[in-house]
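Here is the structure we will look at, set down as structure tokens.
Both ligands and their constituent atoms are indexed starting at 1 by order of listing. Note: hydrogens, waters and symmetry copies are ignored here, and every other heavy atom, side chains too, is used.
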Amino acid sequence: MRKKMIAGNWKMNKTIGESAALAEELKTAVGGVEDVDVVICPSYPALDRVHSLIQSSKIRLGAQDMHWEEQGAFTGKVSWDMLKDAGCEFVIIGHSEQRTYFHETNETVNRKVKKALEKGLTPILCVGETLEEREGGKTEAVVEDHIRGGFAGLTSAEAARCVVAYEPVWAIGTGKNATPEQAQEVHASIRKLLASLYDASLADSLRILYGGSMKPDNAFGLLSKADIDGGLIGGAALTAASFRGIVEAARP
Ligand code: PGA
């Protein structure tokens, strides 16, 4: 049985002080939840402060991206050891906003995934099609390409430590979530692909989150589907009340 995970992606929102205030509220709202893995991913400057606040709770910390290099002349980039030092256990990789605005490719995603795994961080690998791709009947092909690209060269022991997030681009930040049936269909196809790339037991144990306008009022329907193991939450992660609503919907 896969344990559900709810991860909040705060994106480029909240100052350090605002992040700390939300972390305090979340500690009260969901800090004791043990039957769902609760993760929050603030901006880089807020990581350390948020970590010190949530340490005494069950909430765990993630970052929104990282570079694959160890250190050096890479202005603007952040390395795995900086993230670990700040308390991160997870890192979002290949988010569609990175792919769309910052030239992220399957190749850079794969390098980041490999480095994260090598250094003991859990990658949350994002995949998903645009509206144009969906309407052109290419959803499965695009998602397959993202999965093959992201997992390229991973051993099954490495692959087993990944989390996948299916995030249809047309659903992100639009208020237009995929229906539970639409999401389930893609999640099942991802699991089938992973079974063919590795084996059935790996595919069966790997968590596949859904992301894209998940809210308290649609979370339960999505999370009830057989292959939907949690959520990667943007907008609704920015207030404690709505994030809590989603965490509650994920509880067994
Ligand atoms: P959203 O974002 O919940 O605001 O649609 C999800 C994401 O981009 O991870």
Flag the pair [X] and [Y] as a salt bridge only when some basic side-chain nitrogen lies within less than 4.0 angstrom of an acidic carboxylate oxygen.
X	Y	value
D229	R191	yes
E144	R148	yes
E181	K225	yes

For [X], atoms of ligand 1 separated by under 4.0 Å from a heavy atom:
X	value
H95	7 (C), 8 (O), 9 (O)
N9	9 (O)
G212	5 (O)
G173	1 (P), 4 (O), 5 (O)

For H146, the option from L125, N106, V164 that meets side-chain contact (heavy atoms from CB on, under 4.5 Å):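 Result: among L125, N106, V164, N106 is the only option passing the side-chain contact (heavy atoms from CB on, under 4.5 Å) with H146.
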Close approach, A236 and ligand 1, non-hydrogen under 4.0 angstrom: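 It does not; every heavy atom stays at 4.0 Å or beyond.
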Is the shortest distance from a heavy atom of K215 to ligand 1 less than 4.0 Å?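 Judged by the 4.0 Å heavy-atom criterion, K215 does not count as contacting ligand 1.
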Taking transitive links into account, so neighbours of neighbours count too, which hydrophobic residues share a cluster with Y101 at under 4.5 Å side-chain distance?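 F102, which link up through side-chain heavy atoms under 4.5 Å apart, make up the rest of the cluster.
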Under 3.5 Å between any N/O of [X] and any N/O of ligand 1: does that happen in this structure?
X	value
E167	yes
I172	no
I233	no
G211	no

Classify the ring geometry between H187 and Y166 as parallel (under 30°), tilted (30 to 60°) or perpendicular (over 60°).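 Judged by the thresholds at 30° and 60°, the geometry between H187 and Y166 is perpendicular.
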Going by atom types alone, do T130 and E133 pair a side-chain donor with an acceptor below 3.5 Å?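 E133 and T130 do have a side-chain donor-acceptor pair below 3.5 Å.
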Who's the nearest protein heavy-atom neighbour of atom 4 (O) of ligand 1, and how far?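 Protein heavy atom with the smallest distance to atom 4 (O) of ligand 1: G235 N, 2.8 Å.
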For atom 6 (C) of ligand 1, what is the closest protein heavy atom, and at what distance to 0.1 Å?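 Of every protein heavy atom, G234 N, 3.4 Å lies nearest to atom 6 (C) of ligand 1.
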Kindly determine whether Q64 and H95 satisfy side chain to side chain donor-acceptor pair (under 3.5 Å), including the steps that lead there. CA-CA 8 Å; Q64 298 174 20; H95 191 280; over 6 Å; no
Backbone, side chain, both or neither: what part of A171 comes under 4.0 angstrom of ligand 1, heavy atoms only?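 For A171, the contact with ligand 1 is made by the backbone alone.
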Do V163 and T122 have side chains that get closer than 4.5 Å, going by heavy atoms?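 With C-beta onward as the side chain, the pair touches.
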